[in-house]
Amino acid sequence: MRPASFRLRINLLGAAVVAAYLAEAILSYAQAPQLWREEGPHLLAFFEDAIGDRQASWLHMLLFTKERIVLSYWLPLGVASASALLLVRMLLRRADGIDERVERQLFRWPLAFAAACLLSYPVFTQDLWLSAVWGRMIAAGFNPYETLFTPAFVSGLPLDHFPMPMSYAPLWGIVSAGLTLVAANDPFAIGLVSKALLAGAWIGGLVLVARIMAQRPIRDRCLALAAFGWVPLGATQTVAEGHNDIAMMAPALGWLLLLLRGRMTAPLALAASVLLKFVTAPLFLLDLVYAIRAQRLDWRRYALRMIAPSLLGLGVLALFYRSHDFFDGVRMVNQWRFLQPRDALASLEAVLGISLAPAGFALVAFFPAVAVHGLVRLWRDPAAENLMKAALAVMAAILFSLSAHVWPWYLLWVLAPAALVPRWWLSRFAIGVSVMAPFMSGSWWIAPFEDHFGGSALALYGGAVAWAVLTRPPQAAAIEGGASAAGSPGRKAIP
């Protein structure tokens, strides 16, 4: 395929994705109040104050049932997901059409995706406003880890949530407090500033992916941009729905880039990631292994390198930690159990009428075993690609085996590192789960799925396996079995 024809097809796919996101942005202002009309008095009051009473409009009447609302969400999401699939297959099977202009296209279109999603109102969740409430508390001098929020802190916000202690890490609380101050505590401004920050973090993550991949073959660079920037999970769950997982993963990507470049400040970036959402803490083990094996640091020099991150962590924790109650929010969230791979097996158990308990135990152990194998391989051969594979394996073990549940937006934990080794089998699986995950948001709201997490899990992971098969590169065994370029990324400018 000629490069000009290749670029034309990418532009057509990009335009289709932007159109889908713009359509969803318009629909979201009817979907959200209709979906929450029985459970969201604060949300309905917010909408009435913002755009008046529009409950009788033709769009609201068209989307009167939850099934119609979810279907209207799935349709544009399906267009964006199909476009991502077609793009990845093009990149895998038409290498002759790939050049640096294609790479620049793949980088620029996600900027338009972010702008389109910035216009959306969060439909299925209210996490954006939970952060705002905890930010208000911190700005007012209250400790959200020790004190439950009261109606006074919810005033004016479209939040309909039971009072709970803060479940995010403390640095995100400080960021949220800063956002409320910048927005002068105005609900509309808080929403806009929060989404702008998340959009900036997502674009920053895209820049970091491009820089980490700068010295890799051009097809791998393009696949990385397609996975991170075009798979709908990133734009929809971060920019449109307002989830803050990108605030954790962007510094984690920064840590990888700094580590691969041999910078002593790499652990600071990882410490910031942990202080934003805790989950990336196990990656410090990879930091240690890579520093000792690849950078040849002795224990004394590594200990010196860890002084600044330790001081940062202790300093931020000291602002809020008073007792073990600090972790009450995390413990509360971890009581919810759903959408794990073992839940898919439970659904198969019910259909087949046989016990799959041994397979369930094996599945729970599988992802940690892959992580241990990745760590051992990194110790033996501290190449850049092995570091990225180990990072993905560790995050997959946390998400698919150790976490009590898998919210759709949690998939960003594995999508970001998967983009860096896009042709590896675990990466293709992680990207596949990420493709399917946004569709799961709607299943909570409609029968028969709302109380049948096993069926939803089966669809989620079955779809992921299908994606991994469909996107298997030609001669994948030779590609994956051979040694890829493993040098540290250079400083190539972002297109």
Side-chain angles (χ1 to χ4, degrees), residues 3-29 31 72-91 97-123 128 191-211 213 221-243 245-247 249-250 253 409 412 415-416 419 422 431 434-435 438 493-495:
S5 177
F6 202 95
R7 292 194 299 273
L8 174 61
R9 294 187 182 192
I10 291 175
N11 283 332
L12 291 174
L13 291 174
V17 174
V18 170
Y21 288 157
L22 287 175
E24 172 51 30
I26 295 171
L27 289 169
S28 68
Y29 292 91
Q31 292 166 339
S72 71
Y73 181 84
W74 280 350
L75 287 175
L77 179 61
V79 171
S81 301
S83 298
L85 174 59
L86 290 172
L87 174 63
V88 170
R89 286 181 64 81
M90 283 171 52
L91 292 171
I98 302 175
D99 58 19
E100 290 191 355
R101 285 180 291 181
V102 168
E103 184 183 7
R104 287 193 290 271
Q105 276 183 296
L106 295 177
F107 181 86
R108 290 169 180 166
W109 271 111
L111 307 183
F113 303 162
C117 288
L118 192 64
L119 303 174
S120 289
Y121 184 88
V123 175
L128 182 76
L192 289 173
V193 174
S194 298
K195 295 194 75 175
L197 175 67
L198 294 172
W202 185 68
I203 292 170
L206 184 71
V207 171
L208 289 166
V209 166
R211 290 188 174 177
M213 299 294 289
R221 300 202 301 267
C222 291
L223 284 169
L225 293 173
F228 188 87
W230 287 66
V231 169
L233 178 97
T236 61
Q237 299 303 300
T238 297
V239 187
E241 285 289 319
H243 296 292
D245 299 79
I246 189 60
M249 292 312 301
L253 289 170
W409 48 93
L412 196 64
L415 179 61
I431 294 169
S434 300
V435 171
I494 294 301

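No experiment lies behind these values; they were computed from the predicted model shown. For this chain, numbers begin at 1 and follow the sequence in order.
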A.B. asks: As an exercise, state the distance from CH2 of Trp409 to CD of Glu241, rounded to the nearest 0.5 Å.
C.D. replies: 8.0 Å
A.B. asks: Just verifying a value: how many Å separate His243 NE2 and Thr236 OG1, rounded to the nearest 0.5 Å?
C.D. replies: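 The distance works out to 8.5 Å.
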A.B. asks: Any heavy-atom pair between the side chains of Leu13 and Val17 that's under 4.5 Å?
C.D. replies: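 Heavy-atom side-chain distance check fails, nothing below 4.5 Å.
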A.B. asks: Quick one: closest heavy-atom pair of Tyr73 and Gln237, and the distance?
C.D. replies: OH-NE2, 3.9 Å
A.B. asks: Looking at side-chain heavy atoms only, is the closest gap between Asp99 and Arg7 below 4.5 Å?
C.D. replies: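 Yes - at least one pair of side-chain heavy atoms lies under 4.5 Å apart.
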A.B. asks: Does some side-chain heavy atom of Leu198 sit less than 4.5 Å from a side-chain heavy atom of Val239?
C.D. replies: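 No. Closest side-chain heavy atoms not under 4.5 Å.
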A.B. asks: Could you check whether any side-chain N or O of Trp230 sits under 3.5 Å from a backbone N or O of Leu106, counting only pairs where one atom can act as donor and the other as acceptor?
C.D. replies: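 Yes, Trp230 side chain to Leu106 backbone: donor-acceptor pair under 3.5 Å.
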A.B. asks: Evaluate side chain to side chain contact (heavy atoms under 4.5 Å, CB included) for Met90 paired with Ile10, printing each intermediate quantity in order.
C.D. replies: CA-CA 9 Å; Met90 283 171 52; Ile10 291 175; 4.2 Å; yes
A.B. asks: With side chains defined as the heavy atoms from C-beta onward, is the minimum distance between Ile98 and Phe6 less than 4.5 Å?
C.D. replies: yes
A.B. asks: Nearest heavy-atom pair of Ala250 and Ala201: which atoms, and what distance?
C.D. replies: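 Residues Ala250 and Ala201, closest heavy atoms: CB-O, 3.9 Å.
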A.B. asks: What pair of heavy atoms forms the shortest contact from Ala16 to Ser83, and how long is it?
C.D. replies: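 Nearest heavy atoms, Ala16 then Ser83: CB-OG, 4.1 Å.
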A.B. asks: Measure across Gln105 and Asn11 and return the closest heavy-atom pair with its distance rounded to 0.1 Å.
C.D. replies: NE2-OD1, 2.7 Å
A.B. asks: Looking only at non-hydrogen atoms, find the nearest pair between Leu233 and Leu412 and report the distance.
C.D. replies: CD2-N, 3.5 Å
A.B. asks: Quick one: CH2 on Trp202 to CG on Leu197, what's the gap to the nearest 0.5 Å?
C.D. replies: 15.0 Å
A.B. asks: Is there a side chain to side chain contact (heavy atoms under 4.5 Å, CB included) between Asp245 and Thr238 once you walk through the steps?
C.D. replies: CA-CA 7 Å; Asp245 299 79; Thr238 297; over 6 Å; no
A.B. asks: What distance do Leu128 atom CG and Ser194 atom OG have between them, rounded to the nearest 0.5 Å?
C.D. replies: 5.0 Å
A.B. asks: Provide the closest heavy-atom pair for Ala226 versus Leu87 in the form atom of the first, atom of the second, distance.
C.D. replies: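 Looking at all heavy atoms of both residues, the closest pair is CB-CD2, 3.8 Å.
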A.B. asks: Roughly how far, to the nearest 0.5 Å, is the OG atom of Ser434 from the CZ atom of Phe228?
C.D. replies: 10.5 Å
A.B. asks: Can you tell me how far the OH atom of Tyr29 sits from the CD atom of Glu24, to the nearest 0.5 Å?
C.D. replies: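 So the gap between those two atoms works out to 10.5 Å.
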A.B. asks: Check whether any side-chain heavy atom of Phe113 lies under 4.5 Å from a side-chain heavy atom of Pro232, and answer yes or no.
C.D. replies: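 Counting from C-beta outward, Phe113 and Pro232 never come under 4.5 Å.
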